[in-house]
Amino acid sequence: MNTYDQIIQLSLERGFYFPSSELYSDASAGFWEYGPNGVKIKNKFLELWRRELVRRDNMLEIDGSQIMSKNVFMASGHLSNFTDPVVKCKKCLSSFRADKLIQEEANLEVPERMANEGVNELISKYGLRCPLCKGEFSPAERFNMMFKVEIGPNHDEAYLRPETCQSIFVDFSRIYKVSRGKLPLGIAQVGKSFRNEISPRQGLLRLREFYQAEIEVFCNPSQLDNQPRYDEIKNTKLRFYDQKIIELTVQEAIDQKILSNQLIGYYLALLVEFFDKTGIDKNRTRLRKLSDEEKAFYSTIAFDFEVDTSIGWLELVACNYRSDYDLKSHSTTSKTNLEVMDDNSKVLPHVFELSLGVDRCIYSIMEHSYFVDRENDDRAVLKLKPYLSPVHAGVLPLLRKPEFKDKASKLLKNIQRDFDIFYDESGSIGRRYRRLEEIGTPFAFTVDHQTLEDETVTVRYRDSMQQDRIKMSDVKSFLYNNINDYSS
RNA sequence: GCGACGGUCGUCCAGUUUGGUCUAGGACAUCAGAUUGCCAAUCUGGUAACCCGGGUUCAAAUCCCGGCCGUCGCACCA
């Protein structure tokens, strides 16, 4: 069994995540739910993201609507760029992207957003037939990747957002004013986005409803090489991929023109330093510059932060320099001036974004943390960072006798409001340790015979399986010190 | 969306070829009890499943049709 299957199995067995609506047979693909352990690791991951990016750089966090008006997506370009013309073969029912089909079969450059009528014309003009069975095509239809919703009794047209960042752009002007912002300014948001994928696959890796944690950095395009606190990160090493991996400091990458300015370098460095603390193996990550064909329609410079997994390289974060694409088009569509004052001059800010796929990160962290200990009965251990572990510690009475249970529940009561603690008195002590380490619990406190004499407990460490004794009264500070240890 | 293959306790698998003995079996996990008392021990007992809908048949986990889901390939992937 490969690692991907092991993680799926662990997730199902231990309640990290599982398919949505699975009780019913009409449940469709691409929707998954986080169970109790999954929610805990997700929340802790997002707290780490806030710590290492949002708070570190004094960003502002908002929480926008998931349903947004049609005009938002007219302006953003999603209504025209997010729909593909599709034709179906009447005979074998295969469907094709019409623009690609015409391009290949008739050797014509066809714009993606060509109207259906244009597509139909070209198909009949060149007498195109199904490449698989030579059948005739039905008229072109649009496949829109956005979920359309209707609002109120008049069925007003609106959409579920396909990326969280549109509310950041739409809200930018107000946020900038009310928070007395200064460029460069990061605005962050965590939330659900929705895309009607044609064929979602592979659990958390390709979903129709998924979490994004996005950061939009608004900046003055004339100040990109005047980045505050640049010195903090100029020697941070980044791993670039172009045929092979090249490790360079931010400054070296700028000198070699791989990065075009300090601002991009600064935020890529923050991102990389953040991922260092997630437990994802740095040596299995890379920054890949996207070619013009791969880039999103709004992007002028694009890097993907990717991680190597058992099923190949996976894109975790899309880093796009969106220039003034969004603010300009929202400004035009809404007929509102979105310029702001910076250094006594009016400027329409440019945007650099770090768009992170939360669900993929959770999967990657689990996979990179999964460890089978060949020297100890092949025990399965999730070597999560203590601050990301769903359960911080176990509290275990060695024996199921009243005097042990009393001490244990006293300890539990003392710490369970500050930490995620699992109390377990069933089964042998070894079995209980194994259950805890399988979900990544870094510490276990065992109430044993000696506890009754001197009020100390055993601390057992997940990775080394070693044990120490500490005073019961010191357990809380032990946890504060060890759970909050972010030095990697 | 197309094609191939698959879907049975929480998990993994047997049973489907050749319909009946399947009142669906095992392993691991889980629960209760006994025993032990610091690393998945042992014993006893329990809970727990044929993806959904329709059809063929005296009889369907097994055969047929449709749907859903999964894996892989093609296509798609802001």
Side-chain angles (χ1 to χ4, degrees), chain A residues 1-2 4-6 8-15 18-31 35 73 76-84 86-89 91-97 100-101 104 112 130-133 141 143-146 161-163 165-166 193-203 205-208 212 294-299 302 311 315 318 320 322 355 357 373 376-380 396-401 404 426-438 444 446-450 457-462 464-467 469:
Chain A
M1 189 159 52
N2 66 29
Y4 174 80
D5 292 325
Q6 283 173 318
I8 287 277
Q9 185 170 331
L10 179 68
S11 298
L12 292 170
E13 278 179 4
R14 306 307 305 270
F18 40 82
S20 179
S21 314
E22 63 177 339
L23 215 47
Y24 292 99
S25 59
D26 63 347
S28 46
F31 301 94
F73 301 111
S76 72
H78 286 91
L79 271 175
S80 46
N81 289 312
F82 228 54
T83 74
D84 299 327
V86 174
V87 288
K88 266 191 180 175
C89 169
K91 200 170 141 200
C92 72
L93 300 177
S94 307
S95 59
F96 301 88
R97 275 275 299 268
K100 298 219 163 170
L101 182 95
E104 280 167 23
E112 242 177 65
C130 171
L132 299 180
C133 75
E141 292 169 33
F143 181 76
N144 194 319
M145 296 269 290
M146 285 197 292
R161 59 184 181 188
E163 52 178 6
C165 60
Q166 288 308 322
S193 289
F194 304 83
R195 292 178 195 175
N196 204 352
E197 296 281 352
I198 295 173
S199 70
R201 268 181 203 184
Q202 291 178 313
L205 305 186
R206 196 116 164 261
L207 297 162
R208 289 188 166 126
Q212 288 187 306
E294 288 178 289
K295 280 188 313 202
F297 59 85
Y298 45 66
S299 180
I311 51 173
E315 172 195 342
N320 292 301
R322 298 175 77 124
S355 172
D373 187 351
N376 291 289
D377 312 315
D378 292 350
R379 68 185 182 124
L396 319 170
L398 183 63
L399 305 183
R400 216 181 216 174
K401 289 182 179 168
F404 291 80
S426 94
S428 74
I429 191 70
R431 177 182 295 263
R432 282 179 272 166
Y433 289 148
R434 298 291 159 92
R435 280 196 287 240
L436 285 170
E437 62 203 15
E438 197 183 4
T446 306
V447 170
D448 55 22
H449 294 94
Q450 199 178 325
V457 290
T458 301
V459 194
R460 187 258 193 191
Y461 297 90
R462 173 193 69 198
S464 64
M465 297 172 66
Q466 298 204 324
Q467 305 191 340
R469 288 206 80 79

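Here the structure is a predicted model, which means the values were calculated and not measured. Chain letters run A, B, ... following the sequence lines, proteins first and then strands; every chain starts at 1.
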**OP:** Quick one: label A/Asp448 by what it contacts on the DNA or RNA (base, sugar-phosphate, nothing), any heavy atom closer than 4.0 Å.
**Re:** base
Subject >> Rounded distance in Å between the C1' positions of B/rU71 and B/rA60 >> reply: 27 Å
Subject >> B/rC9 and B/rU30, which share atom name C1', separated by this distance in whole Å >> reply: 11 Å
**OP:** Measure the distance from CD on A/Gln466 to C1' on B/rC38 and round it to the nearest whole Å.
**Re:** 14 Å
Original post:
To the nearest angstrom, how far is A/Phe404 atom CZ from B/rC38 atom C1'?
Top reply: 12 Å
**OP:** To the nearest 0.5 Å, tell me how far A/Gln202 CD sits from A/Ile8 CD1.
**Re:** 9.0 Å
Original post:
Does B/rA4 have a Watson-Crick or wobble mate here (both distances under 3.5 Å), and if so which one?
Top reply: B/rU71
Original post:
A/Leu396 CG to B/rA40 C1': how many Å, rounded?
Top reply: 14 Å
**OP:** Please report, rounded to the nearest Å, how far the P atom of B/rA40 is from the CD atom of A/Glu438.
**Re:** 14 Å
Subject >> Gap in Å between the two C1' atoms, one belonging to B/rA49 and one to B/rA14, rounded >> reply: 14 Å
Original post:
Would you say a side-chain N or O of A/Arg379 is under 4.0 Å from OP1 or OP2 of B/rC39?
Top reply: no
Original post:
For B/rA40, does OP1 or OP2 lie under 4.0 Å from any side-chain N or O of A/Ser428?
Top reply: no
Subject >> Polar side-chain contact A/Arg460-B/rC38 base: donor and acceptor under 3.5 Å >> reply: no
**OP:** Indicate whether OP1 or OP2 belonging to B/rC31 is found under 4.0 Å from a side-chain N or O atom of A/Ser426.
**Re:** yes
Original post:
How would you label the contact of A/Gln467 with the nucleic acid (heavy atoms, under 4.0 Å): base, sugar-phosphate, or nothing?
Top reply: base
Original post:
Closest nucleotide of RNA chain B for A/Asn376 versus for A/Glu13: which of these residues is on the 5' side?
Top reply: A/Glu13
Subject >> Gap between atoms CD and C1', on A/Gln6 and B/rA29 respectively (whole Å) >> reply: 16 Å
Original post:
Does any nucleotide pair with B/rU16 by Watson-Crick or G-U wobble geometry, both distances under 3.5 Å, and what is it?
Top reply: none
Original post:
Of A/Leu396, A/Val457, A/Leu398, A/Leu399, which is the lone residue that meets side chain to side chain contact (heavy atoms under 4.5 Å, CB included) with A/Val447?
Top reply: A/Val457
Original post:
Expressed as a whole number of Å, how far does the C1' atom of B/rC64 sit from that of B/rC13?
Top reply: 27 Å
Original post:
Taking atom P of B/rG10 as reference, at what distance in whole Å does atom CG of A/Leu10 sit?
Top reply: 17 Å
Original post:
Does any nucleotide pair with B/rC43 by Watson-Crick or G-U wobble geometry, both distances under 3.5 Å, and what is it?
Top reply: B/rG33
**OP:** Could you state the atom-to-atom distance from CZ of A/Phe31 to P of B/rC69 in whole Å?
**Re:** 10 Å
**OP:** Assign A/Arg400 to base, sugar-phosphate, or nothing according to its heavy-atom contacts below 4.0 angstrom with the strands shown.
**Re:** sugar-phosphate
**OP:** May I ask you to decide whether A/Arg469 forms a salt bridge with A/Asp448, counting only side-chain N to carboxylate O separations under 4.0 Å?
**Re:** yes
Original post:
Would you call the rings of A/His449 and A/Phe404 parallel, tilted or perpendicular if under 30° counts as parallel and over 60° as perpendicular?
Top reply: perpendicular
Original post:
Any idea which of B/rC39, B/rU71, B/rC76 is nearest the A/Arg206 side chain?
Top reply: B/rC76
Original post:
Regarding A/Ser76 and A/Tyr298, is there a side-chain donor-to-acceptor distance under 3.5 Å anywhere?
Top reply: no
**OP:** Please determine, for the side chain of A/Leu12, which listed nucleotide (B/rU11, B/rC39, B/rG37) has the closest atom?
**Re:** B/rU11
Original post:
For the atom pair CZ (A/Arg161) and NE2 (A/His78), what is the distance rounded to the nearest 0.5 Å?
Top reply: 12.0 Å
Original post:
Is A/Ser28 touching bases, backbone alone, or none of the nucleic acid, heavy atoms closer than 4.0 Å?
Top reply: sugar-phosphate
**OP:** Using a heavy-atom cut-off of under 4.0 Å over every strand shown, decide if A/Thr446 touches base, sugar-phosphate, or nothing.
**Re:** base
Original post:
Between B/rC77, B/rC12, B/rA41, which one does the side chain of A/Gln9 approach most closely?
Top reply: B/rC12
Original post:
RNA chain B: A/Arg435 or A/Tyr24, which has the more 5' nearest nucleotide?
Top reply: A/Arg435
Original post:
How close do A/Glu197 and A/Arg208 get, heavy atom to heavy atom, and via which atoms?
Top reply: O-NH2, 2.8 Å
**OP:** Using a 4.0 Å heavy-atom cut-off across all strands, classify A/Arg434 as base, sugar-phosphate, or nothing.
**Re:** base
**OP:** With rounding to the nearest 0.5 Å, note down the distance linking CZ in A/Arg434 to CG in A/Asp373.
**Re:** 8.0 Å
Original post:
Is there a Watson-Crick or G-U wobble partner for B/rC63 with both distances under 3.5 Å, and if so, which one is it?
Top reply: B/rG55
Subject >> Whole-angstrom distance between B/rC52 and B/rA40, as gauged at atom C1' >> reply: 38 Å
**OP:** Sticking with atom C1', work out how far B/rG19 lies from B/rA59, rounded to a whole angstrom.
**Re:** 8 Å
**OP:** Sticking with atom P, work out how far B/rC12 lies from B/rG70, rounded to a whole angstrom.
**Re:** 15 Å
Subject >> Minimum-distance nucleotide to A/Arg431 side chain [options: B/rC38, B/rA41, B/rG37] >> reply: B/rA41
**OP:** Write down the distance separating the C1' atoms in B/rC50 and B/rC63, rounded off to the nearest Å.
**Re:** 16 Å
Subject >> Watson-Crick/G-U partner (both atom distances under 3.5 Å) of B/rU21 >> reply: none
Original post:
A/Arg208 has an atom CZ; how far is it from atom C1' of B/rC77, in whole Å?
Top reply: 12 Å
Original post:
To the side chain of A/Ala29, which of B/rC69, B/rC72, B/rA40 is closest?
Top reply: B/rC69
